[in-house]
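Report on one structure; see the data block that follows.
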Amino acid sequence: MTYSDEFLLDIANSTNCPDFDPELQGYQTFPAKEGWTVQIWYEGGCPEYLNNVIAPNGEAVDCWDNIGTASRNRILSWCGVERPLPLEVTA
């Protein structure tokens, strides 16, 4: 099955992976929404890149396939959950 890059980014950004944890090294797998899981490479306790997005049926979607498009480059440059910036509160 083929999934859009935006869909895969949405799945990756639904994980609760830490931005930093000194205990995490190498491939780490985290649950994501709707039964998906995400495999992330950690180096020095920081997420370095998204390796695979795994469908609920166990199918691994290799994030390194079909490189060269702008949206695929967003996946390849992913290095942690894209969290929304907090709103500025002004008094």
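This is a predicted model, so every value here is computed, not measured. Along the sequence shown, residues carry numbers from 1.
Contact between Pro31 and Thr37 at its shortest, heavy atoms only, is CA-CG2, 4.1 Å. Ala12 and Val38 make their closest contact through CA-CG2, 3.9 Å (heavy atoms, listed as atom of the first residue, atom of the second, distance). Closest of all the heavy-atom pairs between Gln25 and Gly45 is NE2-N, 3.2 Å.
The aromatic rings of Trp41 and Tyr27 lie perpendicular to each other, with more than 60° between the two planes, well past the 30° mark.
Cluster membership for Leu24 and Phe20, using ILVMFWY side-chain heavy atoms within less than 4.5 angstrom, is not shared. Both Val53 and Tyr42 are members of a single hydrophobic cluster when ILVMFWY side chains are connected at heavy-atom separations under 4.5 Å. No chain of hydrophobic side-chain contacts below 4.5 Å, direct or via other Ile, Leu, Val, Met, Phe, Trp or Tyr residues, connects Leu9 to Ile54.
Side chains of Cys79 and Tyr49 form no contact here, defined as non-hydrogen atoms less than 4.5 Å apart.
In this structure, Leu50 CG and Asn13 CG are separated by 9.0 Å, a value rounded to the nearest 0.5 Å. Put simply, CH2 on Trp36 and CG on Leu8 are 6.5 Å apart, with the number rounded to the nearest 0.5 Å. Atom-to-atom distance recorded for Ile75:CD1 and Glu6:CD is 8.0 Å, nearest 0.5 angstrom.
Applying the side-chain hydrogen bond (donor to acceptor under 3.5 Å, both in side chains) rule to Gln39 yields the partners Asn51, Asn52; only residues at least two apart in sequence or on another chain are considered. Not a single salt bridge (Lys or Arg N to Asp or Glu O under 4.0 Å) links Asp21 to another residue, sequence neighbours left out.
With hydrogens and angles ignored, the 3.5 Å screen pairs a side-chain donor or acceptor of Ser14 with a backbone N or O of Lys33.
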